[in-house]
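Every heavy atom of this structure was used, including side-chain atoms; hydrogens, water molecules and symmetry mates were not.
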Amino acid sequence: MLPSWLRRFALPCFVLGVTGCESSEPPLEPPGLGGVALAYTVDRYDFAFDLTTGEAASRLALDVEAGARGCVSLPAPPEVTDVRWDGVPADFRVVDGHLEVCGVAPADGPLWIDSQQRVAETTEPYTRVGFSRRLDAQGRLFTYLLGWLESCDLFGPCDPAPGRLAHFTFDVTHAPGAVVLCPGSLSRRDDTHTRCELLGTRAPTYSAFMIASHPAWQRTRLVDTDVGRVELYEPPGGLLGPAIDAGAVAEFLAWMTARFGPLPYGPELRVASGRTDWLGMEHPANIVLRDDLQMFPSAYTNMTLHTLLHEIAHQWAGNRTTLASAEDYPWKEAVAEYLTYVFEDEHRSNEAATTLAYLDRLARTSSYYLRPRDTPAPPFLSFVNDVYGTGPMILLVQLESLLGRPQVLAGLQSFLAEPGVRSIEDLRRALETASGKDLQRYFDTWVDGQGEPDWPFFQVEWQQGEAFALTVTQRTQAGKVYPCEVELELQGEAPEERRRVTASYGLDPESATAGLTVEGLPWKVQQVVVDPRSRLVNRRSLSAVP
């Protein structure tokens with residue numbers, strides 16, 4: 001997901017998010033109906049929804065101990081009614097945001113928990129998560145049921161922990177002629193019923209709970225290759241289609257599948273325009289882009305294309321392989337943004353420099369570390385705004401300089417090789433295995449911290465004689481020394497008098513000072529520029545002029 005806040009352009013600050021972190025262990029709640037709490041995992045959600053009325057029917061398949069007697073407690077909205085335990089009406093209550101229902105688990109097969117509710121046409125503050133109808137620029141109604149981290153229980157009983165992966169089906173009733181999208185394979189039973197099945201590769205609840213509809217969407221094929229098809233759903237006169245370079249999308253799909261395998265949710269990827277408060281959002285086999293995306297002040301050289309490629313990367317990095325907890329949100333966005341940047345660097349090099357400059361600008365002004373260790377912990381919506389810069393820069397771009405891009409990409413291939421749940425620590429271990437380097441100090445220094453980040457700045461001194469001698473001193477308020485490499489550009493008087501050199505502190509620096517000597521420099525250095533290509537999070541300082 002890319003949020004629509006672009007701080008450097010003074011637009012409203014906004015990102016979808018949550019307010020806490022969940023354990024990756026199956027939930028256990030104290031039973032309130034006199035039974036023993038049963039451990040469970042939700043294997044499948046069957047969700048039926050009427051877009052015209054908001055009525056929903058939810059059926060969950062729970063993996064529990066065969067024949068066990070007791071109660072399950074599932075996060076759920078208070079409006080839940082008609083609860084059934086394995087098809088039989090059951091005593092239940094909803095208290096403190098949890099549905100408690102009791103019975104005897106079947107001797108074989110899953111335990112089915114059924115319920116009904118009406119989903120209110122309302123959204124959460126700041127996030128627009130929920131059920132909404134909004135008019136597009138032409139006054140046509142865009143309808144969206146949207147879940148996010150730890151929020152799927154808005155629509156019925158659900159285990160909302162970010163690390164849960166499950167199968168899904170969606171049966172959607174809608175107005176005649178409406179075009180409806182939902183995750184997985186798409187079929188249309190008749191003019192008022194659409195079904196989607198996500199029964200192959202599992203998906204997380206945060207992105208799989210999605211139903212979107214527009215009365216005037218028309219389907220256009222953007223890409224049709226051996227590695228995948230991309231269909232654009234947009235009303236007549238829409239602005240996204242003309243702004244998307246279909247050839248670049250095809251190239252990116254080929255580039256991604258060569259490294260990470262086939263599209264996780266089948267060969268068809270649907271991209272739809274919608275009236276949203278953010279730039280783009282990933283859903284399994286679906287992407288929703290803001291319908292006026294190309295009208296935004298561009299933080300990237302090609303705002304629409306970059307956002308689409310970022311969301312495509314999330315099909316592997318965030319959906320098929322998902323975050324272990326809300327605390328691990330940074331790796332998901334970091335990987336999607338980094339892979340988009342690397343593709344730009346290798347195939348559209350004129351765009352990559354702008355991307356790096358923007359990411360670095362965000363990171364240098366961040367208010368929190370990637371994993372804040374503040375007490376009390378900051379609200380998720382506060383610190384998550386920073387991760388779109390610090391995430392890709394710290395977790396991946398800076399490590400290119402220390403490890404090499406082939407090693408970083410190899411680490412990501414291992415990290416995303418199989419469907420499942422991953423943490424930032426899992427990413428560290430994958431990068432260590434790929435590079436053969438110990439990254440513990442790097443992660444301890446750059447990733448974790450309290451308060452406003454104490455990013456380093458660099459003082460440069462030099463002497464020029466037969467050789468050019470540089471001394472680079474790393475400064476921080478607390479005296480912390482960061483593992484890193486800092487690039488320096490030596491500049492002479494003429495525009496062509498330029499040379500880049502690197503001062504390395506390594507992965508386990510012993511000193512805040514690094515020195516290097518440059519031989520054979522035929523012109524007089526007038527200035528030294530720190531980090532000219534925006535590859536290191538730092539608070540730049542002017543070089544000293546002897």
Side-chain angles (χ1 to χ4, degrees), residues 42-62 72 74-90 92 94 99 101 109-123 129-133 141-148 151-160 164-200 202-215 265 270 272 283-286 288:
V42 182
D43 185 64
R44 173 170 164 167
Y45 295 85
D46 292 335
F47 189 68
F49 190 64
D50 190 328
L51 283 176
T52 63
T53 66
E55 296 296 329
S58 181
R59 193 172 202 227
L60 279 58
L62 274 60
V72 296
L74 282 155
E79 299 83 6
V80 165
T81 63
D82 194 21
V83 176
R84 295 171 179 264
W85 177 287
D86 215 30
V88 178
F92 71 95
V94 181
L99 165 68
V101 57
L111 165 64
W112 293 96
I113 300 293
D114 294 271
S115 64
Q116 296 186 18
Q117 75 163 99
R118 184 181 181 277
V119 179
E121 191 176 316
T122 185
T123 57
V129 168
F131 180 41
S132 63
R133 307 181 202 269
L141 205 60
F142 171 65
T143 304
Y144 202 9
L145 183 138
L146 170 67
W148 189 235
S151 63
C152 62
D153 53 320
L154 291 172
F155 314 124
C158 179
D159 181 357
R164 307 289 190 255
L165 292 163
H167 299 298
F168 298 82
T169 68
F170 297 87
D171 281 289
V172 186
T173 303
H174 48 81
V179 182
V180 172
L181 298 178
C182 41
S185 62
L186 182 69
S187 61
R188 195 177 178 92
R189 194 176 75 202
D190 56 45
D191 198 42
T192 61
H193 293 88
T194 297
R195 179 175 172 83
C196 293
E197 294 185 349
L198 198 60
L199 300 176
R202 294 174 183 265
T205 56
Y206 87 81
S207 62
F209 271 95
M210 164 265 189
I211 298 171
S213 178
H214 195 287
Y265 299 102
R270 299 180 286 272
H283 301 289
N286 296 267
V288 178

Asks: Distance check, rounded to the nearest 0.5 Å: D43 atom CG versus L111 atom CG?
Replies: 12.0 Å
Asks: Do you know which two heavy atoms are closest between P160 and C158, and how far apart they sit?
Replies: CD-O, 3.1 Å
Asks: A side-chain contact here means heavy atoms from C-beta on lying under 4.5 Å apart; do V42 and L74 qualify?
Replies: yes
Asks: For the residue pair A285 and G184, what are the closest heavy atoms and their distance?
Replies: CB-N, 4.0 Å
Asks: R189 versus R195: any side-chain heavy-atom pair under 4.5 Å?
Replies: no
Asks: With under 30° as parallel and over 60° as perpendicular, where do the rings of F209 and F47 fit, or are they tilted in between?
Replies: perpendicular
Asks: Measuring from atom OH of Y45 to atom CZ of R59, what distance do you get when rounded to the nearest 0.5 angstrom?
Replies: 15.0 Å
Asks: Checking N286 side chain against C182 main chain: does a donor-acceptor pair fall under 3.5 Å?
Replies: yes
Asks: Relative to each other, are the rings of Y144 and F142 parallel, tilted or perpendicular (30° and 60° limits)?
Replies: tilted
Asks: Within a strict 4.5 Å, meaning less than it, do heavy atoms of the D114 and D82 side chains meet?
Replies: no
Asks: Check for me whether R84 meets the cation-pi criterion with W112, that is, NZ or CZ under 6.0 Å from the six-membered ring centre and within 45 degrees of the ring axis.
Replies: no
Asks: Flag the pair L51 / F131 as yes when at least one side-chain heavy-atom distance between them is below 4.5 Å, and no otherwise.
Replies: yes
Asks: Would you mind checking if E121 and R133 are paired as a salt bridge, meaning a charged N to carboxylate O distance below 4.0 Å?
Replies: yes
Asks: For the pair H283 (side chain) and S207 (backbone), establish whether a donor and an acceptor sit closer than 3.5 Å, ignoring hydrogens and angles.
Replies: yes
Asks: Can you tell me how far apart OG1 (T173) and CG (D190) are? Round to the nearest 0.5 Å.
Replies: 8.5 Å
Asks: Quick one: closest heavy-atom pair of S213 and A178, and the distance?
Replies: OG-CB, 3.7 Å
Asks: With a 4.5 Å limit on heavy-atom distance, are the side chains of V179 and H174 in contact?
Replies: no
Asks: Test of understanding: with ring-ring contact (aromatic ring centres under 6.0 Å, His included), list the residues that count as partners of Y265, not counting sequence neighbours.
Replies: none
Asks: How far apart are the C-alpha atoms of F170 and T194, what are their side-chain angles, what is the distance that settles it, and do they pass the side chain to side chain contact (heavy atoms under 4.5 Å, CB included) test?
Replies: CA-CA 8 Å; F170 297 87; T194 297; over 6 Å; no
Asks: Does V180 offer a backbone N or O that forms a donor-acceptor pair with the side chain of R188 under 3.5 Å?
Replies: no
Asks: Please tell me if the side chains of L198 and H167 come closer than 4.5 Å, counting only heavy atoms from C-beta onward.
Replies: no
Asks: Looking at S115 and T81, would you say the former's side chain and the latter's main chain have a donor-acceptor pair under 3.5 Å?
Replies: no
Asks: Shortest non-hydrogen contact from L99 to P157?
Replies: CD2-CG, 3.7 Å
Asks: Between L146 and V129, what is the shortest heavy-atom contact and its length?
Replies: O-CG1, 3.2 Å
Asks: Which pair of heavy atoms, one from P77 and one from V94, lies closest together, and at what distance?
Replies: O-CG1, 3.8 Å
Asks: Rounded to the nearest 0.5 Å, what separates atom OG1 in T169 from atom CG in D46?
Replies: 3.5 Å
Asks: Determine yes or no for a side-chain-to-main-chain donor-acceptor pair under 3.5 angstrom, with E197 supplying the side chain and S185 the backbone.
Replies: no
Asks: With a 4.5 Å cut-off on side-chain heavy atoms, are P204 and L165 touching?
Replies: yes
Asks: How long is the gap from CD on Q116 to CD on E79, to the nearest 0.5 Å?
Replies: 13.5 Å
Asks: Do V72 and W85 come within less than 4.5 Å of each other through their side chains, counting heavy atoms only?
Replies: yes
Asks: Rounded to the nearest 0.5 Å, what's the gap from CG on L145 to CZ on F49? Could you check?
Replies: 5.0 Å
